[in-house]
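Since the structure comes first, as structure tokens, the remarks are kept for the end.
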Amino acid sequence: MTTLSLTQAINAGLRRALEEDPKVVLLGEDIGTLGGVFRVTDGLMKDFGSHRVIDTPLAESAIIGTAVGLAYRGYRPVCEIQFDGFIYPGFDQIVSQVAKMHVRTQGAVRMPLTIRVPFGGGIGSPEHHSESPEAYFVHTSGLRVISPSNPQDAYTMLRQAIACDDPVLYFEPKRRYHAKGEVEVDAPLVQALPMGASRIVAAGTDVSLVSYGPLVKTALDAAIAATADGVSIEVIDLRSLSPIDYAPLVASVRRTGRLVITHEAGRTLGLGAEIAAVITERCFNYLESAPVRVTGFDIPYPPSKLEKHHLPDLDRILDGVDRALGRPNSHTGMDDWA
Amino acid sequence: MTTLSLTQAINAGLRRALEEDPKVVLLGEDIGTLGGVFRVTDGLMKDFGSHRVIDTPLAESAIIGTAVGLAYRGYRPVCEIQFDGFIYPGFDQIVSQVAKMHVRTQGAVRMPLTIRVPFGGGIGSPEHHSESPEAYFVHTSGLRVISPSNPQDAYTMLRQAIACDDPVLYFEPKRRYHAKGEVEVDAPLVQALPMGASRIVAAGTDVSLVSYGPLVKTALDAAIAATADGVSIEVIDLRSLSPIDYAPLVASVRRTGRLVITHEAGRTLGLGAEIAAVITERCFNYLESAPVRVTGFDIPYPPSKLEKHHLPDLDRILDGVDRALGRPNSHTGMDDWA
Amino acid sequence: MSHLRQEPTGRDEMTMHQLITAEGIRVADALLDEFVDDVDGEQLRNLYRDMVVIRRIDFESTALQRQGQLALWPPLLGQEASQVGSVRALEDEDFIFPTYRENGVAYCRGAKMADALGVWRGNTNIGWDPYELNMATPQIIIGAQTLHATGYAMGLTLDGKDSMALAYLGDGATSQGDVHESMVFAASFQAPVVFFCQNNHWAISEPVGLQSHVPLAGRAPGYGIPGLQVDGNDVLAVLAATRWAARRARSGGGPSFIEAITYRMGPHTTADDPTRYRGVTELEEWGAKDPITRMHSYLLELGMLDDGAQAAIAAEADAVAADLRLACISLPDPAPQAAFEHVYVDAHPLLEEQRVNYLAYLNSFGEQEKTSVTVQGSPS
Amino acid sequence: MSHLRQEPTGRDEMTMHQLITAEGIRVADALLDEFVDDVDGEQLRNLYRDMVVIRRIDFESTALQRQGQLALWPPLLGQEASQVGSVRALEDEDFIFPTYRENGVAYCRGAKMADALGVWRGNTNIGWDPYELNMATPQIIIGAQTLHATGYAMGLTLDGKDSMALAYLGDGATSQGDVHESMVFAASFQAPVVFFCQNNHWAISEPVGLQSHVPLAGRAPGYGIPGLQVDGNDVLAVLAATRWAARRARSGGGPSFIEAITYRMGPHTTADDPTRYRGVTELEEWGAKDPITRMHSYLLELGMLDDGAQAAIAAEADAVAADLRLACISLPDPAPQAAFEHVYVDAHPLLEEQRVNYLAYLNSFGEQEKTSVTVQGSPS
Ligand SMILES: Cc1ncc(C[n+]2csc(CCOP(=O)(O)OP(=O)(O)O)c2C)c(N)n1
Ligand SMILES: Cc1ncc(C[n+]2csc(CCOP(=O)(O)OP(=O)(O)O)c2C)c(N)n1
Ligand SMILES: [Mg+2]
Ligand SMILES: [Mg+2]
């Protein structure tokens, strides 16, 4: 066990993958000499060479598109998109090529790409640096989408993503980059929880609270705060956003009868929509109240001085829990829907 | 009243907009001399000149991006994206520029763009010609998204979109292009149903069936077929996909207690997810069963010989209705969720 | 209010390299000659045969579309020399990234043409196994494949291989951002990739002059990539030009760009009506530059095409077409479950659930027909 | 396994136009001289003053960031001549589409600099009213603004106006597809747009050689657009080159591309640590070419900068900086409801509902503090 920050854990995962498989190459802007704007790739070019850790020209469509060609040639490219808001120039290559190449070729060609994307807000950044674009990719068939919430998962899930023969979008909760945790770096990958599995991170009996990536910590904090109020929250870390591993969620909601989902992305067609729909389908007779979504607003990410309003925080999550419980101290009266 | 096909109605709407406002310009590939691959812009370049109806070089990002510049200059550009699958190269300009320019400039700059996109399947086309990408744009704050299902709406809603000071994605149900209908071309726009309004297109009492664009006709057919079985279906044409006008839906579901949503797009985070989530939030105590989604599968659009399986049809919609009603003749056993 | 487009000043002209004139006369070209020194009469006749057979396949496919056997067909009529000359310059291990129109290339690479037609029949999106032919499947997103070729070529460099990748693209494609980014990456990494642009003068209804007022090959030097214009209706010149580019690529000389000047004699696809946007004079003008006719004249001149040889080629073309037709109309429809296959390599529980449920649903109808006519609508 | 990047063969060289050398000597340039015939000593001193004031603003802003008053600042240190020379060549009605780094340009256009800093303080994304300054707001998506400028210029043509649009872009930006597509559209429609590229040698940590082995201005001719390389640390040459391009644009001559060779003396932003990727020798080398120093020498030589003038300029710079600091630290935080404003022009019932609910929720806390520390994390 070593204590690593989330960035260090990702760095260790990349290093391990580069060591283990000569077909792994890293592509991105400023990932080489600089080691990435978040230092996630620090030291890797020095240790593995500029043919394995490739500083590319400034063009995201080409980062993805040449990775497709490298995959065609048998490589396992790991692309870094510098910030969430810069993934859109590469959207066409992701949606029309990466996601479809395997099915297009009836299985002949594999696209074992990993696309790393630092995402989410909360670090006081300018425009385009705090987006939560995961729903676009969850809606895109042919892709897998995952997001770790802690250093151990960051390390293990990254290695699993790189080893996976399907393309994987790997969303890194950038405001948790400096969070530290114990990481077991030598445990055999086959014994690890599969990257597709969700995980109950706090047991509880009154409400099921689902989140992923940056808000898992906040959700756990909310669960702790709620105990003071005598409310027992079960917290589930999705880990995999596509496909979602529903079994633990369904089992949890069938026990608690109440569901709250929280994410930073805007509410409309954010992941909460799908989870609410599926859980309603699968747990209709168990639900005591409608699933509650505590999310970013349906606005472009606001200037950073306003982000504290946009981002769900402990209070807003607890307010959502109150709503799910139908408690009168719910602040928002959101059940006044007309 | 004139009888027009859906393409003719759009053509008439474009013509009217070009006549009424010198700031309206059309941009797109093959929209000039050819009149568009679907002939939607037939005759417009001849009548309005190549400075109003502009054949552009082959580059979607530039079509949107130069339209942003034209809007900056006070124009009201109407962009044609030739097929649904070709909108992704323009995604960055839509998501990061078109959707955000107004809020970025605190209201100083307006983006009255209309982006026309023929969408959906059912016409036996090759890859990338049958996509249903609407959910990506519904999830994007700052945009409006609409889709007409008949010639009259196509005409009126297009004019409303062009007149609207917000950017509007206008999704044309291409497999209904040749559907004919009576169109009142001279009715004052101010008296028309707002483009943001949904509409009950068939009254019913047992189930509320929601759709938009290409499947509204199929939904209506299903409603007719169901009467033979003694089932009364209320059909709602969303018309506006973002924002959704929920009042008629909520009222309908509060009457029927049951909801079926159908669209061609894949199920996961397709519009059905949001509608199911919102209706569950707003009608929890009225629902007799979980909202049912009858949608395309979570697969890249298949080769055209397989599209009949992918696309919801009358039978699959009726099966969904049976599920919503909990009727034993439901074929799918989809409530066996575990 | 004035019009947008104006005549630019200072229009550059480039030399179009040629080895056989439209009249079938062999002319010298200082750059290209050395690359076809070794091409003897029989090889010339083989190039001719390729073109004849490909044209026959193209006609047969158009006919199959008219008869409802194909949903669509993108003819390559007029571009036979560009396709044959370029692909015949390559080694088998060189990897090709085509568009939807390189069906002549696919034939030369050994594709089973009926399988290739499966794409246009709506059965599948794969016309051949990419790794069997060393040729990617048809790319419909304009320009996207140029990045794939560049990435593949980067992989070749990493592998220390001396083979190369070749991307086909159209004149219209040159406007796409992806094509630019390919050139940037190819130049930055000195990737062994050849960009082979068939300037067939049209992008659906748009004349090439809308994409550029100046020669497309003139773009390349701006990236530090040599650009060459070649007569795309001259199969020998195309062969030579592609060999020139291939030699550069294989010997560490980096990328190059070839603009083959040719003409799309047919419609964009069978769904297109070119009479709406172009006149007959242009067609006639290009008819006089036909790639097959000129090679025919040249071979006659060389004495390499007696009646027997000609008959043999015609017979081969007929046989290929007959086989193609038979195989095409016998292609079985894909089974429903095919829609769910190969979306992912690894298990995907949610999609598996959809598959199982849908097949159970289908089975529930038993022998009885589903009541609805699922798919209405018109051809694209 | 071999490495990817190799030295290209046949590296093109271009002439870099210059009017004032690094030593402050006025030299002749056949192309540019006529464009600055009218520039007298006072105008030269004004250009100098602009640069001095801008550098002072830049320093003050960096200081404000260090003191926690700004979240981030992108210094333009070293690029004063490129920014001042280009913007001073324009008419007021010419429309500018900048990146995030053109704060010197904004100053010359009359922006209230404290408002401009609002962007970097995190208050807003608008630093000025675009229609008041005829200058779009800072663009962060690399290259996107070049398309906006092109579209705006197309609109100018449609309006029959003889003004123009100017897009700023960096050397790194030239790799983006959008920049290519801008050139394609600009050339196709002969739009009155100037692409003004500040080649400051770095895109964050990436040297310009990674984007291109050959001069960036050499891209333009491939589109039929003239490309010009100018000494970007020579304010007079930049002024002249931009006037050259502007005259072309305004007189129907179409687009042009200027590559101003300059250097980013500071970090990419205050969050960047350039010592990780570049050495001091490069900095020293460019320090010797400083745009302000050379103008200072030239003005002294001309006798246009006596002690009084110099003191006046210094005083003005100090005053601007002092005002800026005061105004910046007094900028009020935006109110919560600002997050919901101007997302749409027309009514949007769903968002309105979110706004109302959220404000009600906030009010429900009354005077009592919310319990959570909402936003953790680190600066970017
Ligand atoms: C991204 C994208 N936009 C638009 C289209 C529609 N489209 C198909 S072919 C074509 C013209 C292509 O012209 P060119 O590159 O010259 O190739 P050619 O068809 O002449 O072989 C267009 C616009 C497309 N397939 N992909
Ligand atoms: C589409 C996009 N990709 C990546 C970034 C991150 N980024 C911000 S500035 C920058 C470098 C830009 O370099 P250049 O164009 O030379 O401009 P400079 O910063 O030197 O002024 C990068 C990569 C971005 N803002 N947008
Ligand atoms: Mg073409
Ligand atoms: Mg730079």
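Numbered from 1 within each chain, the chains take letters A, B, ... in sequence-line order.
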Distance-minimising heavy-atom pair for P130(C) and T105(A):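 Smallest heavy-atom distance, with atoms named: CG-CG2, 4.1 Å.
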Toward chain A, the part of [X] with a non-hydrogen atom under 4.5 Å:
{"X": "Q145(C)", "result": "neither"}
{"X": "T137(C)", "result": "both"}
{"X": "A149(C)", "result": "neither"}

Quick one, [X] and [Y] - any side-chain contact, counting heavy atoms below 4.5 Å?
{"X": "D346(C)", "Y": "R144(A)", "answer": "yes"}
{"X": "P243(A)", "Y": "L351(C)", "answer": "no"}
{"X": "I54(A)", "Y": "F189(C)", "answer": "yes"}

Test item: N125(C) side-chain N/O and V103(A) main-chain N/O as donor-acceptor pair under 3.5 Å: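 Answer holds: no.
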Side-chain donor or acceptor of Y131(C) paired with backbone N/O of Y72(A) under 3.5 Å: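 Checked: pair present.
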Chain C contact via Q93(A) - which portion, at a heavy-atom distance below 4.5 Å: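 The side chain, not the backbone.
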Max heavy-atom pair count under 4.5 Å with chain A, selected residue of V184(C), T146(C), T124(C):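 Option with the top pair count is T124(C).
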Partners passing salt bridge (Lys or Arg N to Asp or Glu O under 4.0 Å) against D162(C) (at least two apart in sequence or in another chain):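 Partners of D162(C) by the salt bridge (Lys or Arg N to Asp or Glu O under 4.0 Å) criterion come out as none, since no residue qualifies.
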Max heavy-atom pair count under 4.5 Å with chain C, selected residue of G107(A), G142(A), P167(A):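 When all of G107(A), G142(A), P167(A) are compared, G142(A) has the most.
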Residue, of D92(A), L27(A), L143(A), I64(A), that accumulates the most heavy atom pairs under 4.5 Å with chain C: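 Sorted descending by pairs with chain C, the first entry is L143(A).
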Atom OH of Y286(A) with >12 non-hydrogen neighbours under 6.0 angstrom: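 Counting neighbours around OH of Y286(A), 12 or fewer heavy atoms of other residues, nucleotides or ligands fall under 6.0 Å, so no.
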